[in-house]
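Numbers restart at 1 for each chain; the letters A, B, ... are given by sequence-line order, proteins then strands.
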There are 2 protein chains.
Amino acid sequence: MDKQHIYKKFEDALKAEKIKLTPQRQAIFTNIMDSDEHRECDDIYNSLVQDDITVSKATIYRTLDILVKYDLIRKLVIGDGKAKYEPKIGKPHHDHMICIETGKIIEFDNDEIERLQEEEAKKRGYKIIKHVHQLFVKPIKDAKDI
Amino acid sequence: MDKQHIYKKFEDALKAEKIKLTPQRQAIFTNIMDSDEHRECDDIYNSLVQDDITVSKATIYRTLDILVKYDLIRKLVIGDGKAKYEPKIGKPHHDHMICIETGKIIEFDNDEIERLQEEEAKKRGYKIIKHVHQLFVKPIKDAKDI
DNA sequence: GTTTCTGCAAAGCCTTTGCATATCG
DNA sequence: CGATATGCAAAGGCTTTGCAGAAAC
């Protein structure tokens with residue numbers, strides 16, 4: 001999906017929600033889409049301020065909720081209870097591996113795991129709406145670690 | 001593992017940490033061990049108060065940290081950022097399925113998923129220290145839902 | 001022109017912390 | 001007895017909210 005198409009989805013979401021296209025909402029959306037990181041509200045705020053965009057954290061939080069609702073971005077809560085956000089639309093599905101030594105976030109995806117978890121849910125009469133799969137990992141340093 | 005053995009692990013943890021065995025710590029530990037639910041600090045607090053045990057939330061939080069550190073209980077953060085706790089020692093490993101309609105928490109376990117995720121980590125030079133795997137599900141109501 | 005937004009500051013909520021008193025070993 | 005724990009209340013940190021002025025359609 002190209003950038004224009006993605007931006008169109010954003011406009012559609014605003015229309016569906018019957019809300020206005022403001023400079024702040026636009027700036028927040030493109031700021032997230034142009035990033036490949038997993039950032040907190042604060043990070044996004046600082047990034048916008050650095051770009052000389054006038055915006056408040058209140059507006060960012062309010063906008064993030066809308067973007068999550070329309071599946072344009074993904075909200076992650078990793079361990080410490082602080083919410084992180086990443087682009088979702090136009091990106092393939094993936095889960096996360098978090099290095100507990102460096103904090104580095106690595107994306108991974110495994111079709112067989114996806115299938116098996118679907119099966120576990122179905123077995124119990126449920127279907128999966130969304131899932132959280134995070135591996136907290138440490139680098140393997142030598143043989144005894146394996 | 002029987003109750004006495006589990007309680008022994010608790011005493012060992014206190015000794016390892018060189019901290020005292022107080023009525024509060026004991027009450028908090030057994031309260032969690034006797035429950036099969038996934039409860040918040042507040043729930044545990046209310047349960048203890050109902051049993052006429054004098055304890056403060058500060059002490060509960062402080063004790064929970066110790067119990068988590070020694071792998072006697074497990075801390076879960078599900079969606080809303082509120083921490084939940086469940087017994088861990090003496091219980092087989094499992095992950096969680098959360099019904100988004102009723103809030104019901106269902107435990108599941110799948111060896112193959114465990115193996116595959118281990119493989120994903122190893123492939124990248126990491127080993128898993130812990131993991132979070134939560135499926136947010138909805139009941140299947142009819143054929144079109146499948 | 002209205003309706004909807006924004007920014008600000010205040011309030012909320014869960015969790016942590018400082019401190020004086022009480023308790024364990 | 002000395003060291004550690006507890007409870008209280010206050011402080012912290014992220015997030016949400018009420019409200020008056022500002023902006024979109």
Side-chain angles (χ1 to χ4, degrees), chain A residues 7 10-32 38-49 51-70 73-85 103, chain B residues 7 10-32 38-49 51-70 73-86:
Chain A
Y7 191 76
F10 168 61
E11 291 182 326
D12 290 349
L14 296 185
K15 271 177 201 153
E17 193 84 341
K18 291 197 202 331
I19 58 181
K20 296 173 180 170
L21 174 55
T22 65
Q24 287 86 346
R25 284 179 180 154
Q26 200 183 111
I28 294 164
F29 176 70
T30 54
N31 184 285
I32 296 175
H38 306 78
R39 298 178 302 161
E40 298 170 16
C41 172
D42 230 55
D43 301 324
I44 297 166
Y45 174 75
N46 291 332
S47 168
L48 289 169
V49 167
D51 293 348
D52 287 315
I53 289 161
T54 304
V55 67
S56 68
K57 286 181 194 170
T59 295
I60 297 181
Y61 277 115
R62 285 187 278 234
T63 303
L64 291 171
D65 283 345
I66 297 166
L67 299 178
V68 167
K69 178 173 174 187
Y70 282 90
I73 66 173
R74 178 143 78 134
K75 178 179 181 173
L76 300 165
V77 183
I78 294 179
D80 61 1
K82 283 154 80 179
K84 288 187 177 56
Y85 299 86
Chain B
Y7 191 76
F10 167 61
E11 292 182 325
D12 289 349
L14 296 185
K15 273 177 202 152
E17 194 83 341
K18 291 197 202 333
I19 58 181
K20 296 173 183 173
L21 174 55
T22 66
Q24 287 87 345
R25 285 179 180 153
Q26 199 182 112
I28 294 163
F29 176 70
T30 56
N31 184 284
I32 296 175
H38 306 77
R39 299 178 303 160
E40 297 169 18
C41 172
D42 229 54
D43 302 323
I44 296 167
Y45 175 75
N46 291 332
S47 168
L48 290 168
V49 167
D51 292 349
D52 288 316
I53 289 160
T54 304
V55 67
S56 68
K57 286 181 196 171
T59 295
I60 298 180
Y61 277 115
R62 284 186 278 234
T63 302
L64 290 172
D65 283 347
I66 297 165
L67 298 178
V68 168
K69 177 173 174 186
Y70 283 90
I73 67 175
R74 179 143 77 135
K75 179 178 182 174
L76 300 164
V77 182
I78 294 178
D80 61 1
K82 283 155 78 178
K84 288 187 176 56
Y85 299 85
E86 65 170 341

B/L21 vs B/E11, side chain to side chain contact (heavy atoms under 4.5 Å, CB included): CA-CA, chis, key distance, verdict: CA-CA 7 Å; B/L21 174 55; B/E11 292 182 325; 4.1 Å; yes
Can you give me the closest heavy-atom contact between A/I32 and A/R39, atom names plus distance? CA-NH2, 3.7 Å
OP1, OP2 of D/dT6 versus side-chain N and O of B/S56: anything below 4.0 Å? no
Does a side-chain heavy-atom distance below 4.5 Å link A/D42 with A/K57? yes
Using the six-membered ring of A/Y85, assess whether NZ or CZ of A/K75 lies under 6.0 Å from its centre and within 45 degrees of the ring axis. no
Between the first and last five pairs of the helix from C/dG1-D/dC25 to C/dG25-D/dC1, the angle of the axes, rounded to 10 degrees: 30°
A/Q24 CD to D/dA24 P: how many Å, rounded? 8 Å
Separation of A/Y45 atom OH from D/dT15 atom P, in whole Å? 15 Å
Chain B on DNA chain C: first and last contacting nucleotide, 5' to 3', under 4.0 Å to a heavy atom? C/dC14 to C/dG25
To the nearest Å, how far apart are B/K57 NZ and D/dC8 P? 11 Å
Taking B/K84 first and then B/D43, would you say they form a salt bridge - that is, a charged N and a carboxylate O separated by under 4.0 Å? no
Which nucleotide in D/dG7, D/dA5, D/dA24 has an atom nearest any side-chain atom of A/P23: D/dA24
Given A/S56, which partner from the list A/I60, A/T54, A/T59 fulfils the side-chain contact (heavy atoms from CB on, under 4.5 Å) test? A/T59
So which nucleotide from D/dC8, D/dT6, D/dA23 ends up closest to the side chain of B/T59? D/dT6
Hey, is the side chain of A/K82 poking within less than 4.0 Å of OP1 or OP2 on D/dC14, counting only N and O atoms? yes
To the nearest angstrom, the CZ-C1' distance between B/F29 and D/dA5 comes to 19 Å
Would you please confirm or rule out a distance under 4.0 Å between OP1 or OP2 of D/dG7 and any side-chain N or O of B/R62? no
Selection from D/dT4, D/dC14, D/dG7 that lies nearest to any side-chain heavy atom of B/K20: D/dT4
Counting only N and O atoms by type, is there a donor-acceptor contact under 3.5 Å from the side chain of A/N31 to the main-chain atoms of A/A27? no
Between P of D/dT15 and CG of A/D42, the distance in whole Å: 9 Å
Ion pair check, A/E17 and A/K69, cut-off under 4.0 Å: yes
Would you mind telling me which residue lines up with the more 5' stretch of DNA chain C, B/K84 or B/T22, judged by nearest nucleotide? B/K84
Using 30° and 60° as the class boundaries, would you call the ring planes of A/F29 and A/Y7 parallel, tilted or perpendicular? tilted
Here the distance between atom P of D/dT6 and atom CD1 of B/I66, to the nearest Å, is 8 Å
side-chain N/O B/T54 vs D/dT6 OP1/OP2, d < 4.0 Å: no
